[in-house]
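The structure under discussion appears below in the form of structure tokens.
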Amino acid sequence: MIAEARRLAPRFAARAATYDRDGAFPVDDFADLRASGLFGLMVPARLGGAGASFADYAAIAYELARGNGATALIFNMHASVTGALAGVTDELAEALGLPAEALRARDDALRAAAEGRWYAVAMSERGAGSRLSQLTTAYEAVDGGYRIQGAKTFCSGAGHADAYLVAARSAADQSQVSQFLVPAGEGLRVEPTWDALGMRATGSHDLHVDVTVPAGALLGGVEGLALVVAQLAPHWMVASYAAVYVGVARAAVDAAVEHVNERKLGHLPAIRARIGRADAAVAAAHLAVMEAARRVDERPGEAETNRWVWRAKLLAGTTAADVAASMLEAAGTSAMRRGHPLERLYRDARAGSLQPATSDVCADWLGVDALGGDGDSEGSAPRW
Ligand SMILES: Cc1cc2nc3c(=O)[nH]c(=O)nc-3n(C[C@H](O)[C@H](O)[C@H](O)COP(=O)(O)OP(=O)(O)OC[C@H]3O[C@@H](n4cnc5c(N)ncnc54)[C@H](O)[C@@H]3O)c2cc1C
């Protein structure tokens with residue numbers, strides 16, 4: 001699968017400027033991902049997938065992002081849904097008291113992914129961001145299932161996914177936040193609002209939800225699991241984007257090297273030093289991301305693992321923005337023209353530290369922790 005990702009990256013890179021210019025969903029990249037079997041990356045082998053670990057995912061996301069960060073970011077949403085579902089092992093399900101029907105629904109969703117379906121995430125809302133505890137989208141139990149009503153925003157791949165993970169709050173009990181897998185189609189309306197500075201090709205539009213789903217659409221089969229899962233598996237919500245942004249940073253170094261060589265600027269010490277520093281910074285951030293991923297696989301949930309998860313996101317976001325800005329400066333004004341790879345990479349990299357957990361939030365979590373507190377519960381605002 002890593003070899004597949006490396007094969008696809010140059011194809012993505014060749015198409016990236018057009019998708020970025022038009023703010024269009026990368027249709028051909030997704031056709032490539034489907035054909036290569038990557039939608040089944042996180043799906044266990046017994047259900048027809050590749051059974052990848054979190055470290056495998058991080059390595060692949062990095063490679064895909066070297067081609068097109070926006071494509072890798074949309075893919076990240078699908079990997080998060082399938083990875084989190086696959087992470088609900090039978091042992092964990094038993095510990096959480098999940099019903100057997102929920103495990104069948106989990107297996108059906110994962111098998112479908114291995115067969116070529118892909119999932120988007122409709123969690124964030126205007127005003128609440130992705131903070132689960134602040135969501136206003138509401139659901140209520142109705143005959144045979146649930147009715148969900150609300151408005152989502154920043155939904156990468158909206159209008160193209162086969163189904164959406166929708167987070168909502170119980171109308172009957174405000175403390176319960178649950179997640180549903182809602183099939184595309186009736187009851188979901190995309191409002192094309194995404195015209196952003198960076199990651200333009202993610203098509204992260206608004207999604208209006210007024211839908212009734214069968215009981216099996218409730219993930220886990222038990223209400224109120226969303227916050228529990230976020231705290232049990234912070235790597236998907238905090239660190240999975242990290243590999244994407246390190247890949248974007250590496251692409252910026254590669255694009256600068258190509259530009260500098262073409263323009264015969266490599267003899268200038270200031271330019272060489274910028275490239276040298278950028279190379280070292282990206283390599284260090286990459287190591288941090290892979291260390292976090294290794295620990296997630298080997299010692300999930302441990303305090304030191306979680307520290308690495310937050311460190312990885314902080315280092316990736318900050319490094320991407322700093323490196324892309326420095327590479328643009330090394331390359332000069334001609335690289336600022338629309339259509340130059342560095343112009344796009346600069347804007348895409350800028351999104352890294354803004355995407356939750358933002359760099360400021362990661363730094364606050366790590367600071368609270370370093371001072372002996374609980375990073376999850378002692379923030380100045382709720383983390384989730
Ligand atoms: C390219 C891109 C693609 C995305 N794709 C998706 C997607 O597919 N699905 C989806 O659901 N969402 C997606 N998101 C949305 C994302 O997950 C966030 O919900 C969104 O960026 C939050 O934006 P916000 O404006 O509410 O800012 P916030 O995250 O609320 O941040 C506003 C400010 O408050 C600060 N802040 C926030 N929380 C705290 C805290 N606890 N403590 C201290 N300071 C805090 C931040 O650092 C920042 O300065 C995407 C975002 C981007 C950039």
Side-chain angles (χ1 to χ4, degrees), residues 1-20 22-45 47-86 109-122 154-165 181 183-184 190 194 199-205 236 240-248 250-251 293 344-345 348 351 355:
M1 284 283 173
I2 290 181
E4 243 341 66
R6 286 196 183 122
R7 184 183 70 79
L8 293 181
R11 294 166 65 89
F12 294 179
R15 301 168 184 145
T18 308
Y19 289 132
D20 170 72
D22 300 343
F25 176 80
V27 176
D28 292 340
D29 295 0
F30 265 67
D32 278 347
L33 288 170
R34 178 175 276 125
S36 67
L38 274 156
F39 292 164
L41 180 68
M42 303 309 299
V43 176
L47 298 170
S53 66
F54 189 69
D56 294 331
Y57 165 73
I60 282 168
Y62 170 78
E63 297 296 341
L64 296 176
R66 292 181 75 173
N68 185 349
T71 301
L73 202 53
I74 310 168
F75 179 71
N76 169 78
M77 302 303 165
H78 171 73
S80 303
V81 176
T82 49
L85 279 176
L110 288 169
R111 201 178 290 108
E115 287 165 2
R117 281 165 67 85
W118 74 272
Y119 308 130
V121 172
F154 302 125
C155 179
S156 297
H160 296 270
D162 296 300
Y164 298 78
L165 179 138
L181 199 56
V190 177
W194 184 252
M199 292 292 182
R200 292 175 53 76
T202 56
S204 301
H205 300 299
W236 282 115
S240 63
Y241 320 111
V244 170
Y245 285 104
V246 178
V248 170
R250 180 51 73 191
R344 170 177 45 84
L345 289 162
D348 285 353
Q355 187 148 9

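All heavy atoms count here, side chains included; hydrogens, waters and symmetry mates do not.
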Which atom pair, heavy atoms only, marks the closest approach of Gly116 to Arg34? O-NE, 2.7 Å

Let me confirm one number: the CG-CD distance from Leu73 to Gln355, rounded to the nearest 0.5 Å. 4.5 Å

Just verifying a value: how many Å separate Phe25 CZ and Ile74 CD1, rounded to the nearest 0.5 Å? 5.0 Å

Considering the options Asp29, Asn76, Thr202, which one meets the side-chain hydrogen bond (donor to acceptor under 3.5 Å, both in side chains) requirement together with Thr71? Asp29

Closest heavy-atom contact between Leu181 and Leu165? CD1-N, 4.0 Å

Show the numbers, then the answer: is there a side-chain contact (heavy atoms from CB on, under 4.5 Å) between Ser240 and Phe54? CA-CA 9 Å; Ser240 63; Phe54 189 69; 4.3 Å; yes

When rounded to the nearest 0.5 angstrom, what distance separates CE in Met199 from OH in Tyr245? 4.0 Å

On the 0 to 90° scale, with breaks at 30° and 60°, tag the Phe39-Phe75 ring pair as parallel, tilted or perpendicular. parallel

Any idea which heavy atoms bring Cys155 and Ala120 closest together, and the distance? SG-CB, 4.3 Å

In Å, rounded to the nearest 0.5 Å, how long is the span from CG of Asp56 to CE of Met42? 7.5 Å

Backbone N or O of Leu47 within a donor-acceptor pair of the Arg111 side chain at under 3.5 Å? no

Has Tyr119 got a side-chain atom pairing as donor or acceptor with Ala109's backbone, closer than 3.5 angstrom? yes

Might you point out which heavy atoms bring Arg117 and Asp162 nearest each other, and give the distance in Å? CA-OD2, 3.2 Å

Check Tyr164, Tyr241, Trp118 against Met77 for a side chain to side chain contact (heavy atoms under 4.5 Å, CB included) and give me the one that passes. Tyr241

Looking only at heavy atoms, what is the nearest atom pair of Ala16 and Gly67, with distance? CB-O, 4.3 Å

Donor-acceptor check, side chain of Asp20 to backbone of Ala201, threshold 3.5 angstrom: yes or no? no

How many angstroms lie between CG in Leu8 and CG in Leu38, if you round to the nearest 0.5 Å? 6.5 Å

Could you tell me the separation between the CZ atom of Arg15 and the CG atom of Asp28, rounded to the nearest 0.5 Å? 4.5 Å

In the structure I gave you, are the side-chain heavy atoms of Thr82 and Tyr57 within less than 4.5 Å of one another anywhere? no

How far apart are the closest heavy atoms of Glu4 and Ser36, and which atoms are they? OE2-CB, 3.1 Å

